[in-house]
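Before any comments, here is the structure.
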Amino acid sequence: MSVPLPAALEPILPLLRCPSCGAELSPADGALRCPRRHSFDLARHGYVGLLTGARATSGDDGPMARARRDFLAAGLYAPVRDAVAELAAEADLSGRPGRRGRPATVVDVGCGTGYYLAGVLDALPDAVGLGLDTSAHALRVAAKAHERAAAATWDVFRPFPIASEQVDVVLDVFAPRNPAEFHRVLRPGGVLVVVRPFGGHLAELRSQVTQMVTVDPDKERRLHQALDPHFEPARTVEVEYATPLTRQEAVDLVLMTPSARHVTEEELADDGELPEQVTVSVLATAYRRR
C-alpha cells in the first residue's frame, strides 16, 4: 500500500526541486516524482527520502536520536529554543515578492528531531516548515514535531533541493553550515539564524567526561569568515544559564552530541559521578542576506 502525502508536506511542495535534475516535484504513488521520472519515496514515518547517491556518513544513529528526543523533551534547552524563535520572528514576512499567497517558509538545516523548528513555528503561526537532516532516525521524530513541519533526508554539504530565493527563514542550530546554499535559497530580506556553543558551554560535563568534544576557541573567527561574503549580522543574543541535571539527562546530553561517537552509554554508566548541574552557554545570531 502506497504512503499518502503528509499534510505538512503539501504546502512545501512548490519550493522543492528534484535533487537529480532540478525540476519541480509532484506526489505520485507513495513518492515524489519529477517530469523526468526521478522518484523519491515517502517513508511511512512521515518524511520524504530526497538524499540519493553515496550515503552520508554523519547524522544521528538510533541511540543518539533517542537521547536527543528525551533530553530536549525535558525542556532544559528551552531558553535556547526561545532565543531562536525570537530571532526568527524578527524576519519581515510582509510583502514577500512573487509568493502568490503562499505561507512564509522556515527551513531548518540539520534539524535533528525538529525541536527548534517546532518552537519557531509556534512563534510564526502562519508559517510552514521543512526540516532537513541525514538521519532517518531523527526525522521519524521531526516529521511529528509540529503539525506544520515537513521533513526530508538531505546532506547540508550538497546543493539543497529547494528553489532559489523562496525561503523566509533558515535555521542552523548546532549544525554544519553551507553559507552559499543558505544565501541561494533565502529570499531578499530573508533571515539566517545560527546557534553555536561558546565559552564554558557544558564545562562541567567536559571536565568529567574526557571523551567530550571541546569547543574550538577559533570557532567564531571561522564562522564569520565563512558567512561574511554572503551575510551580515543583524543581532546576537547570548544565552547563558545553569540548569540542574538528573544522571540520565547528563548521559543523554553527552550522547546527543558528536561526543557520542567516542563514548557509549555503558561507559558513561560506569564513569562514576556525573555533574548534577551544567552551564549552557551559546550565541544565537540573526544574519541578513547580502
Salt-bridge test for [X] and [Y]: reply yes if a basic N is under 4.0 Å from a carboxylate O, no otherwise.
X    : Y    : result
R290 : E232 : yes
R184 : E165 : no
R235 : E86  : yes

Does [atom1] in [X] sit with more than 12 non-hydrogen atoms of other residues, nucleotides or ligands closer than 6.0 Å?
X    : atom1 : value
E24  : CD    : no
E10  : CD    : no
E240 : CD    : yes

Between [X] and [Y], what is the ring plane arrangement, given parallel below 30°, perpendicular above 60°, and tilted in between?
X    : Y    : value
Y77  : F174 : tilted
H183 : F231 : perpendicular
F160 : F182 : tilted

Problem set entry | Worked verdict on W154 versus D133 for side-chain contact (heavy atoms from CB on, under 4.5 Å) | CA-CA 5 Å; W154 197 249; D133 204 282; over 6 Å; no
What closest approach, in Å, do [X] and [Y] show between heavy atoms, and which atom pair accounts for it?
X    : Y    : answer
A149 : A8   : O-CB, 3.4 Å
P103 : D168 : O-OD2, 4.5 Å
G112 : A142 : O-CB, 3.5 Å
G189 : R288 : O-NH1, 3.3 Å
D126 : R148 : N-NH1, 4.4 Å
L50  : P19  : O-CG, 3.5 Å

Is there a path of hydrophobic side-chain contacts, each under 4.5 Å between heavy atoms of I/L/V/M/F/W/Y residues, joining [Y] to [X]?
X    : Y    : answer
V170 : L283 : no
L253 : Y116 : yes
L139 : L15  : no
L16  : L186 : yes
V120 : V141 : no

Problem set entry | Point-to-point distance, once rounded to the nearest 0.5 Å, from SG of C18 to CG of L32 |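 Going from the SG atom of C18 to the CG atom of L32 covers 10.0 Å.
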Indicate yes or no: at least one non-hydrogen side-chain atom of [X] is less than 4.5 angstrom from one of [Y].
X    : Y    : value
V193 : T285 : no
T105 : V169 : no
L42  : L9   : yes

Exercise. Stepwise, does the side-chain contact (heavy atoms from CB on, under 4.5 Å) test hold for L130 with V106?
Worked result: CA-CA 6 Å; L130 172 66; V106 181; over 6 Å; no
For this session: From the options R196, R221, R222, select the one residue that forms a salt bridge (charged side-chain N to carboxylate O under 4.0 Å, His left out) with D216.
Result: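 So, applying the salt bridge (charged side-chain N to carboxylate O under 4.0 Å, His left out) to D216 and each of R196, R221, R222, only R222 qualifies.
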Exercise. Among R68, R69, R66, which residue meets the salt bridge (charged side-chain N to carboxylate O under 4.0 Å, His left out) test with D252?
Worked result: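 Among R68, R69, R66, the one meeting salt bridge (charged side-chain N to carboxylate O under 4.0 Å, His left out) with D252 is R66.
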Exercise. D108 and L132: side-chain contact (heavy atoms from CB on, under 4.5 Å), yes or no, with the steps?
Worked result: CA-CA 6 Å; D108 187 353; L132 301 175; over 6 Å; no
For this session: I would like to know whether V237 and V282 meet side-chain contact (heavy atoms from CB on, under 4.5 Å); could you show each step before the answer?
Result: CA-CA 8 Å; V237 175; V282 306; over 6 Å; no
Problem set entry | Flag for Q277-T243: side-chain donor and acceptor within less than 3.5 Å |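 Judged by distance alone, the side chains do not pair up.
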